[in-house]
Amino acid sequence: MTEIPKNYDIKPTEEKWTEFWEEKKVYHANVRPDRKKYSIVIPPPNVTGILHIGHILNNTIQDLYARWKRMQGYEVCWVPGMDHAGIATQMMVEKDLASKGIKKEDVGREEFIKLAWEWKEKHGGHILKQLRKLGASVDWSKERFTMDEGLSKAVNEVFVDLYKKGLIYRGERITNWDPESMTTVSDDETFYKEKHDKLYYIKYFLKDSDEYVTIATTRPETMFVDVAVAVNPHDERYAKFVGKTVILPLANKEIPVIADEYVDKEFGTGVLKITPAHDINDFEVGKRHNLPVMSVVTKDSTLNKYGMEFEGLNIFKARKQVAEKLEQLGHIEKVEDYAHNVMYSEKSKAMIEPILSEQWFVSMKKLAEPAIKVVEEGRIKFYPEMWTKTYYHWMRNVRDWCISRQLWWGHQIPVWYHNETGEVYCDVKPPEDPENWTQDSDVLDTWFSSWLWPFSVFGWQNSEKDANNKELHYFYPTDLLVTASDIIYLWVARMIIAGLEYMKDIPFKDVYFNSLVRDGEGRKMSKTLGNSPDPLDVMDKYGTDALRFTLIYLAPLGNDVLYDEKKTEIGRNFVTKLWNAGRFLMMNYQKILGSSEYGSEPLDNDIVEKWIDSRFNSTLKDINTNLNDYRLNDYTKAMYSFVWSDFCDWYIELLKIRLDDNKDSAVSIIEKAMGIYENILKMLHPVIPFVTEELWHLLKDGRENKSISVQEFPEIAVEKIDPIIEDEFQNIINIVTSIRNLRSENNIVFTTKCNVIMHTDEDKIKFLDTYGDLISKMCNVDLSYSTSHDEPGNSISNVISGFVIYLLLEGVVDSEKQKEKYVKEIEKLESYLKGIDSKLTNTKFVENAPPEIIARERDKKKDTEDKLEKLRSKVT
RNA sequence: GGGCGGUUAGCUCAGUUGGUUAGAGCGCUACGUUGACAUCGUAGAGGUCAUUGGUUCGACUCCAUUACCGCCCACCA
């Protein structure tokens, strides 16, 4: 039989099992109609991504459930994969090219996409290799990529279908134009920074009148294409002007005065110029009032012909000159310094110019309705539940989704325009005479492929073939989605919509929003801050299990996790403890089997075994509840405290004594212990797979080709949960602790044997008859007891419920110090008793409180009075 | 500005339908290598549960208020 080595050699062990699991295809999932399935799709990480602590937490949670369910006999399918990450990938390739002094336009679109694929093959997907190291029990044969042929087909099918249903349309929209790199950029590629500008107060005169309104603007150069002046409908100052017309200075154009809620009465003058082409909010206002849209700023940030004499000028020059001209004409009321937030491009650091462009949109309102309903009805559950509020808030105010991106890397929009007629053609198949058509140059938002992920990964095709797709129908809908709450809009909501629209069923049953991992100071982990420890380093240093355990232990449902590397010690120490407990059991097991002095007589009616059975089963009950409720940290905490406190501190410590005292039953005792230990390994396997697999193999010969991950999860024996036994055992614990406390207070080391006398009542004598021996061995004392109340001389004592414990001392006892201790204790108990009495004498309490609460108070009162009486006798 | 959370021991956090002498880990103090574990053991110190009010026989727990902190969304002419 193998021995358990002194130290757990982490790295080679983890590598060994990673390889074993893959080689033996332990985690391959098949369609097995005879079994219940459990499926999870991974939130596809960016192909450009590298593993950070957040991923570790996210994937550990998924793995935990995959392993737990697998051990419960489910056919578990966990699908891995990656996202093509349009912007991020394109930027990587552009960067590569830039380092050689090449622009993407130089190589052309087709070649660029080829380079992107090459980049993906060469550098992409590190993150999945890293997930292997984490022990993620995914089915690698099912790995998917959002730009795979099948998934791309799904994207096209959905686009065309929505287009034909009229749910995809083309429209104008303000986009962020980066005049430096001459592209539009998404909101995520921008940042806001404070900029100091001038705020110009400009008079707009009413038509045929000396009356005027003053508008405040930072951008007078755009005023040529103002289409209205707006005031708040509740603003009495301007009510009389609404519906009238003002003359736009310089352009000399008539524009209406309109009323719109958007206008803030308090800001500036309370009058706003509406320039739909150059401001997103103005655009919305313009749409509400059916106002025309005209642009004056071009893509290279100069004014066009609407700028009249200022045509061709850069916006900053134009701003200055327009202001001067207005001043000359007497239109400027005043100019103020003004600091405001301005949007910049992450990429080029240039100021963003909002410009109008043609984009593709998904009309969301109608699609959102059923998606709201499935959450309202509880068919999809969110954990923690509070995120439903965020979900409803967004879904009930859902805006149309702009899905076109001005990029090359991604799914190119399946729309072609006729070169002569401009006719629009949209289909999954390109037009038959391609030379006459030009395909839309935009690609789709990356999320347009991700929202199909829960069914596209199983080969969904939007065709009759789906009816025969057994895998799709077996594994869909999935059971659990684990993701971060910040993509509840971007991803979760949209998957629900797509699932309902295309599978006619929800995409997942439970959604778990994992905690955000922050650093020790509560800051978000980020590359730029450099505060994110590399998980691979941590895994090397402490072990993968240690990191997994620690993160789950620290991550309560719904709160952020403050993590720093040092905290990984929690997990590492726990793994070490588990290892050593196993080692101790094995050493004894081998000793017992190898010697004839031990027998295998069954041991019956043993309180220690009854107690550990009770604790074991109640722990098992708790962790099942915790896991069902997604209270993962409670699961690890329950295991931690059971293993460390109950199993190691008490059960194993007692085992040492019991094996000596019951040599005839030693085999039965040690086998019982090993059985519980083996169950502990199974219960911990979902969170710490490597060390439990290793120990499980070391525990018994003949397991070479098996894995603990497909063993049965322990079943609860509820009838073994016994509160009376636990109470009785607690008495032993209390007595032992109290004796240790007396030793400790008087600096008597454990190796010094001493004498203890206990006094108790008639009814507790039997208890001491039974356990006195055990207690004395645990405390290294000679124990005697009686029902006497005479205080032995030269002793110190503790009073606990039902017992007075005297520790006899050799030398002189410091009676003053003793008294002090008792007086303090008496004071504490008296105030406690006062609290109880005030309740019990309160007639309202006695009338209203439930009887069991009153009974409990009376018990506490009696117990406290009893203790007090004994203590008082010592100080008088 | 809108929405959603949080505030419990020096630190990080539990405390699940209101009834415990409010718990854990780390840190701290004292002692200790007794047959697995110093990545350990034993014992101990440490909290008016952010504020103010309310509901209740009873509030860390429910309601309201204030203060501070955080997240998401929108970004103001």
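Scope of the values below: all heavy atoms of this structure, side chains included, with no hydrogens, waters or symmetry mates.
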Side-chain contact check for A/Y553: nearest option of B/rC57, B/rU21, B/rG25 is B/rG25
With a distance cut-off below 6.0 Å to the six-membered ring centre and an angular limit of 45° from the axis, does A/K567 pair with A/Y553 as a cation-pi contact?
no
With a non-hydrogen cut-off below 4.0 angstrom, is A/R740 in contact with a base, only sugar-phosphate, or nothing?
sugar-phosphate
Between atom CD1 in A/I488 and atom P in B/rC73, what is the gap in whole Å?
11 Å
Rounded to whole Å, please give me the gap between CZ in A/F382 and C1' in B/rG5.
17 Å
In terms of side-chain heavy atoms of A/N747, which of B/rU21, B/rU16, B/rC31 is nearest?
B/rC31
Residue pair A/D197, A/T218: steps toward the side-chain hydrogen bond (donor to acceptor under 3.5 Å, both in side chains) verdict:
CA-CA 7 Å; A/D197 272 322; A/T218 53; 5.6 Å; no
When we call it a touch if two heavy atoms are under 4.0 Å apart, what does A/T390 touch: a base, just sugar-phosphate, or nothing?
nothing
Output, in order, the C-alpha distance, side-chain angles, deciding distance and verdict of side-chain contact (heavy atoms from CB on, under 4.5 Å) for A/M778 and A/L654.
CA-CA 8 Å; A/M778 290 204 78; A/L654 282 161; 3.3 Å; yes
Counting side-chain heavy atoms from C-beta on, which of B/rC75, B/rU16, B/rA36 comes nearest to A/A581?
B/rA36
Which part of the nucleic acid, if any, lies within contact of A/L585, taking any heavy atom under 4.0 Å across all strands shown: a base, the sugar-phosphate backbone alone, or nothing?
nothing
Of all the nucleotides listed (B/rG25, B/rC37, B/rG3), which has the minimum atom distance to the side chain of A/R583?
B/rC37
Under 4.0 Å between a side-chain N/O of A/K577 and OP1 or OP2 of B/rG41, yes or no?
yes
Taking any heavy-atom pair under 4.0 Å as a contact, classify A/R743: base, sugar-phosphate, or nothing.
nothing
What nucleotide, of B/rC31, B/rC37, B/rA43, holds the atom closest to the side chain of A/K6?
B/rC37
Using atom OH of A/Y262 as one end and atom C1' of B/rG1 as the other, report the distance to the nearest whole Å.
11 Å
Strand partner of B/rC60, provided both Watson-Crick or wobble distances fall under 3.5 Å:
none
Of A/N281 and A/L829, the one whose nearest nucleotide on RNA chain B sits closer to the 5' end is A/L829
Using heavy-atom distances to pick each residue's nearest nucleotide on RNA chain B, tell me which of A/Y489 and A/V342 is more 5'.
A/Y489
In whole Å, I'd like the distance from the NE2 atom of A/H393 to the C1' atom of B/rC72.
11 Å
In Watson-Crick or G-U wobble terms, both distances under 3.5 Å, what is the partner of B/rA38?
none
B/rA45 versus B/rU29 - spacing of their P atoms, nearest Å
16 Å
What is the pairing partner of B/rU33, taking Watson-Crick or G-U wobble pairs with both distances under 3.5 Å in any strand?
none
G-U wobble or Watson-Crick pairing nucleotide for B/rC26 (cut-off 3.5 Å, both distances):
B/rG10
Considering only NZ, NE, NH1 and NH2 on the basic side and carboxylate oxygens on the acidic side, decide whether A/D564 and A/K566 come within less than 4.0 Å.
no
A/R572 CZ to B/rA38 P, in whole Å, measures 12 Å
Quantified in whole Å, what is the P atom distance between nucleotide B/rG53 and nucleotide B/rC71?
32 Å
Are any side-chain N or O atoms of A/T269 and backbone N or O atoms of A/T214, one a donor and one an acceptor, separated by less than 3.5 Å?
yes
Round to the nearest Å and state the distance from A/I836 atom CD1 to B/rU21 atom C1'.
9 Å
Using the C1' atom on both, measure B/rA59 against B/rC49 and round to a whole Å.
11 Å
Counting Watson-Crick and G-U wobble pairs only, both distances under 3.5 Å, name the nucleotide matched with B/rU21, or none.
none
In terms of side-chain geometry, is the basic nitrogen of A/E865 or A/K861 positioned less than 4.0 Å from the acidic oxygen of its partner?
yes
Between A/Y489 and A/W394, what is the ring plane arrangement, given parallel below 30°, perpendicular above 60°, and tilted in between?
parallel
Determine the interatomic distance between C1' on B/rA64 and the same-named atom on B/rU55; round to the nearest Å.
11 Å
Mutual orientation of the aromatic rings belonging to A/Y640 and A/F574 [parallel < 30°, tilted 30-60°, perpendicular > 60°]
parallel
Just call it for A/G270: base, sugar-phosphate, or nothing, with non-hydrogen atoms closer than 4.0 Å on any strand.
base
Pick the C1' atom in B/rG46 and in B/rG27, then give their distance to the nearest Å.
11 Å
Go through B/rC76, B/rC13, B/rU21 for me and flag the one nearest to the A/D279 side chain.
B/rC76
Has A/W644 got a side-chain N or O lying under 4.0 Å from the OP1 or OP2 atom of B/rA24?
no
Of the nucleotides B/rU42, B/rA36, B/rC26, which has the atom closest to the A/K656 side chain?
B/rA36
Would you tell me if any nitrogen or oxygen in the side chain of A/R631 comes within less than 4.0 Å of OP1 or OP2 on B/rG15?
yes
For atom C1', what is the distance between B/rU66 and B/rU20, given to the nearest Å?
31 Å
Suppose we call a contact any N or O donor and acceptor under 3.5 Å apart; does that hold for the side chain of A/D660 and the base of B/rG35?
yes
So, does A/N573 get its side chain near the phosphate of B/rU39, meaning an N or O under 4.0 Å from OP1 or OP2?
no
What do you reckon, are the aromatic ring centroids of A/F382 and A/W387 less than 6.0 Å apart?
no
Can you identify which nucleotide, out of B/rU42, B/rG35, B/rA36, has its nearest atom closest to the A/I657 side chain?
B/rG35
Measure OH/A/Y8 against P/B/rA36 and give the value in whole Å, please.
22 Å
Partner of B/rA45 under the Watson-Crick or G-U wobble criteria, both distances under 3.5 Å, comes out as none
Rounded to whole angstrom units, what separation is found between the CD atom of A/E852 and the C1' atom of B/rG58?
14 Å
When the C1' atoms of B/rA43 and B/rC11 are considered, how many whole Å apart are they?
23 Å
Expressed in whole Å, how much space separates the P atoms belonging to B/rC28 and B/rC73?
41 Å
Is there, by distance only and without an angle test, a donor paired with an acceptor across the side chain of A/E653 and the base of B/rA36 below 3.5 Å?
yes
Could you check which of B/rA43, B/rG32, B/rU16 has an atom nearest any side-chain atom of A/N741?
B/rA43
A/T737 near the nucleic acid: base, sugar-phosphate alone, or nothing, with a heavy-atom cut-off under 4.0 Å?
sugar-phosphate
Heavy atoms only, 4.0 Å cut-off, all strands: where does A/K389 land among base, sugar-phosphate and nothing?
sugar-phosphate
OP1 or OP2 of B/rA30 versus the side-chain N and O atoms of A/S744: is any pair under 4.0 Å?
no
Side chain of A/M386 only, please: which of B/rC26, B/rG44, B/rC4 is the nearest?
B/rC4
Is any side-chain N of the basic residue among A/E827 and A/K824 closer than 4.0 Å to the acidic one's carboxylate O?
no
